[in-house]
Each structure stands twice: as C-alpha cells, then as structure tokens.
Amino acid sequence: VAEDPPYRGFAEKDAERFRRALVELGGFEDDRVTVVPGGRADAFRDALAATDAKMAAARKRGEQALLVVYYSGHAGPGGLEFGSTRVAFDELRALVSASAADTRIVIVDACEAGALTQVKGASPAPSVDFALPSQEVKGTAFLASTAVGEAAQESGRLGGSFFTHHLEVAMRGAGDADDDGVVTLSEAFRYTASRTVAETAATTQGPQHPTYDFRMSGRGDVVLSDLRRAEAHLRVPADPGALYVLKGPKGLVAEVQAGPAPLRLAMPAG
C-alpha cells in the first residue's frame with residue numbers, strides 16, 4: 001500500500017513523541033529537555049549551546065553527562081533546513097563533537113540524513129553489531145533515518161514518520177531483545193531499522209534504510225529507556241507473524257510486530 005509522500009508534515013509531532021519517551025522512560029527531567037519547534041538555525045544553535053553549558057556544569061559536579069540531540073524536519077544534501085536558514089551536516093558534527101558531554105547521541109529523521117553518517121546504498125542486515133559506551137566511555141553516535149540520497153517517509157496511518165514511530169515503539173519495549181527490562185541504543189536502532197525497512201518496502205518511494213556512524217571507545221551500552229519507570233504496561237502475546245494495531249483514547253498508539261515470545265510495552269497510565 002503506497003503511503004503519503006515524504007513531506008515531513010508530522011515533524012513536530014514526531015519530536016513530541018520522542019521527548020515524551022525520554023521523559024517517561026529515559027530518566028530525563030522536563031527541565032533537561034529543550035524543544036525548538038519551527039524557528040531558525042540560530043535558535044537551534046542557541047539551544048545547543050545552552051544545553052552544552054548544562055553539560056559542562058554537570059561534569060564539574062562529578063556527574064556523567066549524556067547529550068541527546070534529535071531532529072525531525074526538512075533536510076537536503078547541505079544539511080538541516082530551518083526555513084530559509086540551514087545547519088550543515090559538517091557543522092552539526094562539529095558542534096556535537098565539541099560538546100562537554102561524556103557521551104553524545106545524534107538522531108536525525110529527515111531526507112538525506114544519510115549525509116550525516118555518510119553511508120550510501122544501504123541494505124538491510126540481520127543484525128547490527130557495534131560497541132557502545134557504559135559509564136566510563138566517551139564518544140559520539142550518529143543515527144540517521146535514511147541512507148545518502150533517500151527520502152524520510154511519513155505515514156498518514158501512523159500519523160508520523162516510519163522511523164520515529166518505530167523508534168518510540170522500540171523504546172517502549174519492542175526493542176528489548178534480551179527481555180532485561182531496559183532498551184539500549186543498539187537494541188533500539190536494530191529494531192527501528194528492521195521495521196522501517198520492512199514497512200517502507202511497499203511504498204511508492206521504496207525501502208528506506210536507517211544508517212549509523214559510531215565514534216566511541218569502550219564497551220557496554222547506552223540505556224535509552226528503562227521499562228520499570230512506566231506507569232503501566234501492556235502485554236502483547238506470543239503470536240509470530242501477527243501485526244498488532246494498538247489504539248487508545250486519542251487514536252493510534254503503536255503498530256507492533258508480534259514474535260515467538262510475549263512482548264511488554266511501557267505505556268502512560270490510561
């Protein structure tokens with residue numbers, strides 16, 4: 001079934017979904033999450049600079065500082081587009097790499113986002129293997145919703161982009177491959193990439209391939225979400241091959257591919 005064209009009409013809704021997942025399950029306090037809706041490139045730069053100042057202060061207090069930058073919107077080969085202004089991908093890499101944070105994660109859901117990871121002609125793989133940091137490892141992880149030359153597709157049925165929808169569902173438990181109650185960055189990306197490729201394969205644009213570039217040293221993994229923080233849980237039974245469409249009072253909550261084992265999803269109360 002062909003989906004809506006990649007016009008990025010759900011960008012702000014996608015950003016809100018990601019913010020909500022970070023606050024509900026990622027241990028981020030509201031005052032530690034900054035949202036820059038619309039605006040211009042300078043507003044994005046200012047928000048990043050203000051956040052980095054908080055990172056530096058946290059490190060002085062002896063805290064482990066984690067910076068997460070998420071962008072959903074228009075982009076082209078030249079970088080992120082904020083109306084008539086732009087932040088080049090090289091500038092974004094430089095700004096984030098210079099941050100005082102110990103660990104830095106950049107997630108870009110946009111057309112041509114593969115220019116950030118510089119991965120061309122991506123093809124789906126059965127698994128993703130890369131080292132990620134634990135508590136004492138430093139570095140930067142770049143995640144893109146597309147490969148070079150690809151469009152970031154949205155779905156009217158999902159009410160958002162394929163990539164961010166599946167990223168949120170992964171963080172809510174679908175990505176918990178080892179069933180330990182937490183979803184790591186590698187688990188989240190593995191699930192998100194697999195589902196994004198599968199669900200865009202039949203669209204008029206063709207399959208969309210999320211890509212990554214990790215520049216980190218050390219071992220372990222970054223925990224993106226802790227399912228024990230949730231107000232409520234929903235259990236999807238073992239049902240290989242079945243697709244569960246979950247709806248709440250405000251419409252679609254998630255589309256989840258069931259598997260050979262039961263699945264627990266972390267949800268807000270109600």
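Bear in mind that the values here come from a model prediction, so they are computed numbers and not experimental data.
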Would you sort out whether Ile107 and Phe163 count as a side-chain contact (heavy atoms from CB on, under 4.5 Å), showing the intermediate values? CA-CA 10 Å; Ile107 303 171; Phe163 178 85; 3.8 Å; yes
Can Phe82 and Tyr71 be said to form a ring-ring contact (aromatic ring centres under 6.0 Å, His included), step by step? CA-CA 11 Å; Phe82 298 83; Tyr71 174 85; 5.5 Å; yes
Give the C-alpha distance, both sets of side-chain angles, the deciding distance and a yes or no for side-chain contact (heavy atoms from CB on, under 4.5 Å) between Arg17 and His165. CA-CA 8 Å; Arg17 293 173 69 165; His165 173 82; 2.8 Å; yes
Please assess Arg190 against Glu187 for the test side-chain contact (heavy atoms from CB on, under 4.5 Å), listing each intermediate value before the final yes or no. CA-CA 5 Å; Arg190 187 177 298 116; Glu187 286 179 321; 4.2 Å; yes
For side chain to side chain donor-acceptor pair (under 3.5 Å), just list the numbers for Thr200 and Gln153, CA-CA rounded to whole Å, side-chain angles, deciding distance to a tenth of an Å, and then say yes or no. CA-CA 8 Å; Thr200 56; Gln153 301 179 54; 4.5 Å; no
side-chain contact (heavy atoms from CB on, under 4.5 Å) between Thr85 and Phe44: does it pass, once the steps are laid out? CA-CA 11 Å; Thr85 60; Phe44 174 79; over 6 Å; no
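Between the side chains of Ser72 and Asp109, no donor N or O sits under 3.5 Å from an acceptor N or O. A donor-acceptor contact closer than 3.5 angstrom links the side chains of Glu150 and His209.
For Arg229, the salt bridge (charged side-chain N to carboxylate O under 4.0 Å, His left out) criterion is met by no residue, not counting sequence neighbours.
Annotation for Ala170 and Thr192: closest pair CB-OG1, 3.9 Å, computed over non-hydrogen atoms. Of all heavy-atom pairs spanning Tyr191 and Glu255, the tightest one is OH-O, 4.4 Å. In terms of heavy-atom proximity, Ala238 sits nearest to Pro260 at CB-O, 3.4 Å. Of all heavy-atom pairs spanning Pro210 and Val197, the tightest one is CD-CG2, 4.1 Å. Contact detail for Leu185 and Ala141: the closest heavy-atom pair is CD2-CB, 4.0 Å. The two atoms that bring Arg172 and Pro268 nearest to each other are NH1-CD, 3.9 Å, heavy atoms only.
Between Arg59 and Met55 the shortest side-chain heavy-atom distance does not fall below 4.5 Å. Between Leu246 and Leu265, some side-chain heavy-atom pair lies under the 4.5 Å cut-off. At least one side-chain heavy atom of Thr164 sits less than 4.5 Å from a side-chain heavy atom of Tyr70. With contacts defined as side-chain heavy-atom distances shorter than 4.5 Å, the pair Arg40/Ser84 qualifies. Phe18 places a side-chain heavy atom less than 4.5 Å from the side chain of Val68.
Checking each of Leu92, Leu48, Asp42 against Val87 for a side chain to side chain contact (heavy atoms under 4.5 Å, CB included) leaves exactly one that passes, namely Leu92. Phe189 pairs with exactly one of Phe214, Tyr212, Phe142 by the ring-ring contact (aromatic ring centres under 6.0 Å, His included) rule, that one being Tyr212.
Heavy atoms of other residues, nucleotides or ligands lying less than 6.0 angstrom from CZ of Arg32 number 12 at most.
Side-chain atoms of Thr51 come within 3.5 Å of backbone atoms of Ala47 as a donor-acceptor pair (strictly under, hydrogens ignored). Of the possible polar contacts, none joining the Glu154 side chain to the Gly160 backbone as a donor-acceptor pair under 3.5 Å is found.
Between Arg19 and Asp30, at least one side-chain N (NZ, or NE/NH1/NH2) sits under 4.0 Å from a carboxylate O, which counts as a salt bridge.
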